[in-house]
Amino acid sequence: MSDLEFPTSLGTSTTDEISLLGQSLAGDLMGQVGFGELAFWLVALRRPTPGETRVFEAVLVALADHGFTPTAIAARLTYLSAPDSLQGALAAGLLGGGSRFLGVTEDCGGYLHAVLTEHDGDLPPDDDTVGWDALALAAVRRTREQGRYVPGLGHPVHKVQDPRTPRLIAIADEEGLHGPHLRLFEAIGRTHEEVLGRKLPLNGAGVCGAALADLGLPVELLRGFALLARAAGLLGQLAEERRRPIGMDAYLTVDRNAVYVDPSES
């Protein structure tokens, strides 16, 4: 008998039973708990309320797919190159989740969380728009002075409004989960033009980060939830690539229009 122990609060198994989160996987969880609810539970180590589950799953839906983004194209072209490696195609798409696509969820949530935790004194009351605007304006000014960008502002397609943003805020409000991260993000949306000199929309990835942070999920893990959502979208992209392939056309369009440029001319 080994004296080694590796403590875990997640999954364990015996010859005839699997336990997850202290529950019987077969008896207590399967058919009783939705996948989104389970994903939340696995990270937070507490079962979410129905309202939290609704907001959380709204985030997953919002981030699942956004058309022919770089992540989707990477997955499709990898599948074109290696159709025997579905996992490679999925991984290729997920590896593209960074500061411009998907990673903004974590970047924005972390940014908002830092502003809130570094604030000296009490936060403004929920209905104090003036107070939230002052907090946001100061944060945007500091960020600009530091030569950094405010994550969650702007979108390559939705130039006026990202349709996901007001909808997710409304859902959080309906569930009583319209917290300080979302309020600060909204205030940034109202005030940033004064500092940046132009009006930018609050993008969907950013509002998802704010909503997840308001659920109390670790801001250091928010990108993981974006990738969890996009994994479903990428699987759909690959299923469509099998039914109606565009990978070869995308490859040939770029390859057949490649033009040699002498290095001395660049």
Side-chain angles (χ1 to χ4, degrees), residues 59-111 143-144 146-165 168 189 192-193 196-209 220-266:
V59 167
L60 297 182
V61 171
L63 296 174
D65 187 80
H66 206 286
F68 288 120
T69 58
T71 60
I73 294 169
R76 285 187 181 237
L77 290 182
T78 302
Y79 189 72
L80 169 68
S81 181
D84 52 315
S85 180
L86 179 68
Q87 70 273 24
L90 279 171
L94 294 176
L95 287 172
S99 59
R100 289 186 176 176
F101 291 87
L102 291 179
V104 177
T105 296
E106 179 174 299
D107 296 343
C108 185
Y111 174 84
T143 305
R144 181 66 179 269
Q146 294 166 357
R148 300 187 295 121
Y149 293 102
V150 177
L153 284 179
H155 194 279
V157 176
H158 308 301
K159 300 298 185 181
V160 177
Q161 183 183 69
D162 188 320
R164 298 169 294 181
T165 299
L168 187 54
H192 71 271
E193 187 176 9
L196 305 183
R198 58 178 178 148
K199 183 74 171 176
L200 296 169
L202 299 176
N203 63 50
V207 76
C208 286
E220 301 85 2
L221 297 180
L222 298 189
R223 186 172 300 189
F225 296 116
L227 295 174
L228 174 66
R230 187 52 57 90
L234 291 174
L235 189 57
Q237 289 280 340
L238 294 172
E240 184 173 80
E241 182 65 21
R242 288 174 55 85
R243 295 191 307 268
R244 191 179 297 118
I246 59 93
M248 184 65 76
D249 290 339
Y251 152 59
L252 290 176
T253 297
V254 176
D255 184 71
R256 294 302 89 195
N257 289 284
V259 178
Y260 174 77
V261 177
D262 192 296
S264 63
E265 298 175 7
S266 58

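Scope of the values below: all heavy atoms of this structure, side chains included, with no hydrogens, waters or symmetry mates. Just so we're clear, the structure is a prediction, and the values are computed from it rather than from any experiment.
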Using side-chain contact (heavy atoms from CB on, under 4.5 Å) as the criterion, list what pairs up with L227, not counting sequence neighbours.
L94, L102, R223
Quick one: CZ on R164 to CG on N203, what's the gap to the nearest 0.5 Å?
7.0 Å
On a heavy-atom basis, the closest approach of L90 and L235 is CD2-N, 3.8 Å
Answer yes or no: is there a side-chain heavy-atom contact under 4.5 Å between P245 and L80?
no
To the nearest 0.5 Å, what is the distance between CZ on R198 and NE2 on H192?
8.0 Å
Nearest heavy-atom pair of L234 and A75: which atoms, and what distance?
CD2-CB, 3.9 Å
Gap between atom CZ of F225 and atom SG of C208 - 0.5 Å precision
12.0 Å
For A205 against V104, the heavy-atom pair lying closest together
CB-CB, 3.9 Å
Sequence neighbours left out, what passes side-chain hydrogen bond (donor to acceptor under 3.5 Å, both in side chains) with Q87? Give chain and number order.
none
Output every pair passing salt bridge (Lys or Arg N to Asp or Glu O under 4.0 Å) with a member in residues 74-91, not counting sequence neighbours, ordered by first then second residue.
R76-E240, R76-E241
Counting distance only, does the side-chain N/O of K159 pair as donor-acceptor with the main-chain N or O of P201 below 3.5 Å?
no
Contacts satisfying salt bridge (Lys or Arg N to Asp or Glu O under 4.0 Å) that involve residues 225-239 (not counting sequence neighbours) are none
Ring pair (Phe, Tyr, Trp, His ring centres under 6.0 Å) involving Y111 - partner list, sequence neighbours excluded:
none
Is any side-chain heavy atom of L153 closer than 4.5 Å to a side-chain heavy atom of L202?
yes
Heavy-atom closest pair, residues D249 and T253
O-OG1, 2.6 Å
Please give me the minimum heavy-atom distance between G206 and C108, naming the atom from each residue.
O-SG, 3.5 Å
Enumerate, atom names and distances included, each donor-acceptor pair closer than 3.5 Å involving a side-chain atom of residues 60-67, sequence neighbours excluded.
residue, atom, partner, partner atom, Å
D65, OD1, Q237, NE2, 2.8
D65, OD2, G67, N, 3.0
H66, NE2, H158, NE2, 3.1

T78 to A74 - nearest heavy-atom pair and separation:
OG1-O, 2.7 Å
